[in-house]
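Report on one structure; see the data block that follows.
Since this is a predicted model, take the numbers as computed values, not measurements. Throughout, residue positions are numbered sequentially from 1 according to the sequence presented.
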Amino acid sequence: MGTATNWQSAAASWYHTVALKSDGTLWAWGYNSFGQLGDGTTTQRTGPIQVGTATNWQSVAAGYFYTVAVKSDGTLWAWGSNYHGELGDGTTTDRSSPVRVGIATIWQSVAAGGYHTVAVKSNGTLWAWGYNYGGQLGLGDAAQRTSPVQVGTATSWQSVSAGDAHTVAVRNDGTVWAWGVGGNGQLASSSAPVSLDAALGNQTVTTAAAGQHHTVAVTSGGTLWAWGYNPSGQLGDGTATQRSNPVQIGTATNWQSVAAGTEHTVAVKSDGTLWAWGYNSEGEV
């Protein structure tokens, strides 16, 4: 993007992008009808515009029409569409500038799904809010929440990822759990966390990512696994067959990290090479 050489990380949703620079500033561009760029307007931007003046942004995630981010002081902020309470500020009012979510200062990471949000605190607890028609919040019901609610009582959550209407999370012991809508094979539909250990052969999982309707995971042995919706080959198993159980992708044992889009997947190997597969009508692969 331009000539800047200090971009650190980025997150992308359907029509907007947000990115962090190494100086702690946050920038956004793209569609902005709901204020998801966080610049105080609903004006579309074709190039990066800074979100406020803060220089302590740590991580950021983009939902369909909203954005959530964590600052280095452990506070959590959100902006954009809030129709389903996905901002977590206790209302369903859209916000065009960042609003703080609660008063906690121990937020560690956050993930944005279609219209629901999940986040991990530094004490290992997991929290969720927003749209919940399919149980994607993991709270045992289908009731929408406009403020963070703790998912179960476990204090060992390490990371979490949110798809359109399902969620996948990894615990410190390497176990992987999923919940939400499972009609496309991404899991057995459940409104509470379900362990996927048996389906993965009790392997230790280091990271997992939820796409719109598919899920991918990397194990400590460097193998890559995928399951769920697959009409565009987003699972990477050489077919377009939907999988209701995890299948290993190739035989490589040096996968390091993975990310899942709407119907495509990208992953990095430990040798620094980048791989992509799935839907490619817009050149996303």
Checklist entry - Got D197 and V176 here, is their nearest side-chain heavy-atom distance under 4.5 Å? => result yes
Checklist entry - Hey, mind stepping through V170 and T207 against side-chain contact (heavy atoms from CB on, under 4.5 Å) and telling me if it holds? => result CA-CA 7 Å; V170 178; T207 185; 5.9 Å; no
Checklist entry - Could you state the interatomic distance from CZ (F34) to OG (S96), rounded to the nearest 0.5 Å? => result 13.0 Å
Checklist entry - Sub-3.5 Å donor-acceptor pair from the side chain of S161 to the main-chain atoms of A210, do we have one? => result yes
Item to check | Pair Y15, N32: side-chain N/O donor-acceptor within cut-off below 3.5 Å | outcome: no
Next on the checklist: With a 4.5 Å cut-off on side-chain heavy-atom distances among I, L, V, M, F, W and Y, is there a chain of contacts connecting W177 to V149?
Outcome noted: yes
Checklist entry - Between V18 and T67, what is the shortest heavy-atom contact and its length? => result CG1-CG2, 4.0 Å
Next on the checklist: Counting neighbours of CG on L274 that are heavy atoms of other residues, nucleotides or ligands and sit closer than 6.0 Å, is the number greater than 12?
Outcome noted: yes
Next on the checklist: Would you say T117 and Y66 are linked by a side-chain donor-acceptor pair, where the criterion is simply a distance under 3.5 Å?
Outcome noted: yes
Next on the checklist: Determine whether D23 and N6 satisfy the following criterion, side-chain contact (heavy atoms from CB on, under 4.5 Å), listing intermediate values before the conclusion.
Outcome noted: CA-CA 8 Å; D23 61 4; N6 62 336; 4.3 Å; yes
Item to check | Shared hydrophobic cluster for V216 and W255 (ILVMFWY, side-chain gaps under 4.5 Å) | outcome: yes
Item to check | Y133 atom OH: more than 12 heavy-atom contacts under 6.0 Å | outcome: yes
Checklist entry - Can you find a heavy atom in the side chain of V151 that is under 4.5 Å from one in the side chain of P193? => result yes
Next on the checklist: Using a 3.5 Å distance criterion without hydrogens, assess whether the side chain of S190 forms a donor-acceptor pair with backbone atoms of V194.
Outcome noted: no
Checklist entry - Is there a donor-acceptor contact under 3.5 Å linking the side chains of W275 and T273? => result yes
Checklist outcome for this item: On a heavy-atom basis, the closest approach of P98 and V51 is CG-CG1, 3.7 Å
Checklist entry - How far apart are the closest heavy atoms of S147 and D89, and which atoms are they? => result OG-C, 4.4 Å
Next on the checklist: Does any part of the side chain of S59, heavy atoms only, come nearer than 4.5 Å to the side chain of W107, both counted from C-beta?
Outcome noted: no
Next on the checklist: Starting from V118, can I reach V70 by hopping between I/L/V/M/F/W/Y residues whose side chains sit under 4.5 Å apart?
Outcome noted: no
Next on the checklist: Looking at L87, is its backbone amide N or carbonyl O close enough to the side chain of N82 to form a donor-acceptor pair, meaning the two atoms are under 3.5 Å apart?
Outcome noted: yes
Item to check | Q158: partners by side chain to side chain donor-acceptor pair (under 3.5 Å), with sequence neighbours left out | outcome: none
Item to check | 4.5 Å side-chain heavy-atom contact, Q36 and W14 | outcome: no
Next on the checklist: Just so I know, are the side chains of S9 and L20 near enough to count as touching, which here means a heavy-atom distance under 4.5 Å?
Outcome noted: yes
Checklist entry - Can you tell me how far the CG atom of L196 sits from the CG atom of N202, to the nearest 0.5 Å? => result 11.0 Å
Item to check | Steps toward side-chain contact (heavy atoms from CB on, under 4.5 Å) verdict (Y229, Q212) | outcome: CA-CA 9 Å; Y229 200 42; Q212 185 175 34; over 6 Å; no
Next on the checklist: Quiz question: by atom type and distance under 3.5 Å, do the side chains of H84 and T92 form a donor-acceptor pair?
Outcome noted: no
Next on the checklist: A side-chain contact here means heavy atoms from C-beta on lying under 4.5 Å apart; do T175 and V205 qualify?
Outcome noted: no
Checklist entry - What is the ring orientation for Y115 with F65, classed by angle as parallel under 30°, tilted 30 to 60°, or perpendicular over 60°? => result tilted
Checklist entry - Under a 4.5 Å cut-off applied to non-hydrogen side-chain atoms, are S220 and Q203 in contact? => result no
Next on the checklist: How long is the straight-line distance from NZ of K269 back to CG of L224, given to the nearest 0.5 Å?
Outcome noted: 9.5 Å
Next on the checklist: Please give me the minimum heavy-atom distance between W179 and A169, naming the atom from each residue.
Outcome noted: CH2-CB, 3.8 Å
Checklist entry - Is a donor on one side and an acceptor on the other found under 3.5 Å between the side chain of N230 and the backbone of L235? => result yes
Checklist entry - Backbone N or O of Q234 within a donor-acceptor pair of the S232 side chain at under 3.5 Å? => result no
Next on the checklist: Please tell me whether H166 and T215 have a donor and an acceptor in their side chains that are separated by less than 3.5 angstrom.
Outcome noted: yes
Item to check | Cation-pi geometry met for R145 and W129 (6.0 Å, 45°) | outcome: no
Next on the checklist: Using 0.5 Å steps for rounding, measure from the CG atom of L200 to the CG atom of N245.
Outcome noted: 9.0 Å
Item to check | Distance, nearest 0.5 Å, that separates CD of Q50 from OG1 of T55 | outcome: 9.0 Å
Item to check | Any side-chain donor near an acceptor of the partner, D39 and S97, under 3.5 Å | outcome: no
Next on the checklist: Hydrophobic clustering (ILVMFWY, side-chain heavy atoms < 4.5 Å, transitive) - are W157 and L139 grouped together?
Outcome noted: yes
Checklist entry - Are side-chain heavy atoms of Y31 and R45 found at a separation under 4.5 Å? => result no
Item to check | Worked verdict on T265 versus V258 for side-chain contact (heavy atoms from CB on, under 4.5 Å) | outcome: CA-CA 7 Å; T265 307; V258 65; 3.7 Å; yes
Checklist entry - Will you find, in the side chains of T262 and H213, an N or O donor that is under 3.5 Å from an N or O acceptor? => result no
Next on the checklist: Testing the basics here: between N123 and I106, what is the closest heavy-atom pair and its distance to 0.1 Å?
Outcome noted: ND2-CD1, 3.7 Å
Checklist entry - Closest heavy-atom contact between H116 and G163? => result CE1-O, 3.3 Å
Item to check | Distance (rounded to the nearest 0.5 Å) between S33 OG and D94 CG | outcome: 10.5 Å
